[in-house]
2 protein chains.
Amino acid sequence: MGRWEPGALGRMQQAAFELYAERGFEQTTVADIAERAGLTERTFFRHFADKREVLFFGSESLVDLFTTTIIDAPADATPLQAITAALEAAGPLFDERRAGAVLRQSIISANTPLMERELMKMAKLTTAVAAALRTRGLGELAASVTADLCVGIFTISFQRWILPSNPQAFGDHVHQALAELAAITAAP
Amino acid sequence: MGRWEPGALGRMQQAAFELYAERGFEQTTVADIAERAGLTERTFFRHFADKREVLFFGSESLVDLFTTTIIDAPADATPLQAITAALEAAGPLFDERRAGAVLRQSIISANTPLMERELMKMAKLTTAVAAALRTRGLGELAASVTADLCVGIFTISFQRWILPSNPQAFGDHVHQALAELAAITAAP
DNA sequence: ACACCAATGTCAGCCACTGTCATCATGTAG
DNA sequence: CTACATGATGACAGTGGCTGACATTGGTGT
């Protein structure tokens, strides 16, 4: 399916990852990435929408995991139970690739443009979760609030899971955050 | 305090606003904005960090309102009550400038880069709210979760307040969202 | 009068990103 | 076996966001 060395996309992904980690995101030009991958700048933009997107390639799988888990949750599960199931399902996915996640996140949090892109992905995740919840018969407002809760808990859990001082499983952080949520919203 | 026409920043802000509304964000160059304001492209970048920031100038006031309201809340108020006070305090600020807010939001939601910047502002708001809650003696995790709740409720309320089909006060939307939150998190 | 200052102008340049056309190995039809 | 269609890549020119360096200018303080 091509006469050139296969895996052009993967090579550029790895080259970008390395260069961003070595000298930083801003200090890396797209031409640098393409050169290390043995390709052209133009080819880079045929595979990735922009210089940032290369770091987020494959993040749709998380969206899929969340939505399918929510949709497949028992019909009698409450909205909170449905998103809890989704958050728990994501646990192993993260625990398996902790090292990579830490490196990736250190690159992202060091650069504002990358943070902006990450926030956009989270916003899309929220929309997708809300849509999944609506398929369970939830109203629009309830779905929005629950979806925001879900992604909020996810984000907070992830931030704490990344810290070297908290070497716990991702699921543990999720349960701690959920417990806090329950405490905060408990009627006084 | 200057020999040139005063209010350079305001003129560029208005010019940008008009042009973004007339022909769209992408179709407007910074040179266009500067020309309409009677200034130079270079001067634009002396006042605004980038082409997007001109639409977000002055958004620190919302952060201030939230943080001060939370810090000044009664010492015996629960975290939920503190953020409720902040959300209620923001009501009048929005109801007064509904038309402008609608136009601004229509520009922002039409362009991905602008959405990304807006999400970044919301993330910073979340951080600020969490810091304010921590001054009330709240733990880190509880502060993070509550802050996320606060900005989440705010975002959802704002989205619904903007819709032409829901001509209610901002505070009403806040209370509806808070009621949903209570229903969702109520122990079964 | 003089030096100083703060906001703007001018100019050159980098780099992200795009449109367009040429190129070339592979698969397939003839 | 040849010819052509195909899809990925190369080559090249161009736009526009953004920055650095230096000059300009009119008001301010001494």
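Numbered from 1 within each chain, the chains take letters A, B, ... in sequence-line order.
In this structure, B:Q27 atom CD and D:dG16 atom P are separated by 11 Å, rounded to whole Å. In this structure, A:F45 places its CZ atom 19 Å from P of D:dG14, rounding to the nearest Å. Following rounding to the nearest Å, A:F44 (CZ) and C:dA16 (P) show an atom-to-atom distance of 9 Å. Summarising the geometry, the separation between CG on B:D50 and P on C:dC17 is reported as 14 Å, rounded to the nearest angstrom. The interatomic distance linking B:E41 (CD) with C:dC14 (C1') rounds to 14 Å, in whole Å. Between the CG atom of A:N111 and the P atom of C:dA16 there is a distance of 13 Å, given to the nearest Å. In this structure, B:R23 places its CZ atom 14 Å from C1' of D:dG16, rounding to the nearest Å. When rounded to the nearest whole Å, the span between CD of B:E35 and C1' of D:dG16 equals 15 Å.
Looking at every heavy atom in both residues, B:G152 comes nearest to A:D148 through CA-OD1, 3.3 Å. Residues B:F66 and B:A90 come closest through the heavy atom pair CE1-CB, 3.9 Å.
The side chain of B:H47 places an N or O atom within less than 4.0 Å of a non-bridging phosphate oxygen (OP1 or OP2) of C:dT8. Taking side-chain N and O atoms only, A:T43 has no distance below 4.0 Å to OP1 or OP2 of D:dA8.
For C:dG9, the base has a donor-acceptor partner in the side chain of B:R46 [N/O atoms by modelled type, under 3.5 angstrom].
Under the 4.5 Å side-chain criterion, counting only non-hydrogen atoms from C-beta, B:I83 is in contact with B:L80.
B:L39 and B:F45 fall within a single hydrophobic cluster, where Ile, Leu, Val, Met, Phe, Trp and Tyr side chains are chained together by heavy-atom contacts under 4.5 Å.
Heavy-atom nearest nucleotides on DNA chain C were determined for A:F48 and for B:L9, and the one closer to the 5' end corresponds to B:L9.
For A:T40, whose side chain is taken as the heavy atoms from C-beta onward, the closest listed nucleotide among D:dA11, C:dC15, D:dG10 is D:dG10. For B:R42, counting side-chain heavy atoms from C-beta on, the closest listed nucleotide (D:dT9, D:dG17, D:dA21) is D:dA21.
Judged by a 6.0 Å distance limit and a 45° cone about the ring axis, B:R104 is positioned over the six-membered ring of B:F56.
Within the nucleic acid shown, B:A31 has no heavy atom closer than 4.0 Å to any nucleic acid atom.
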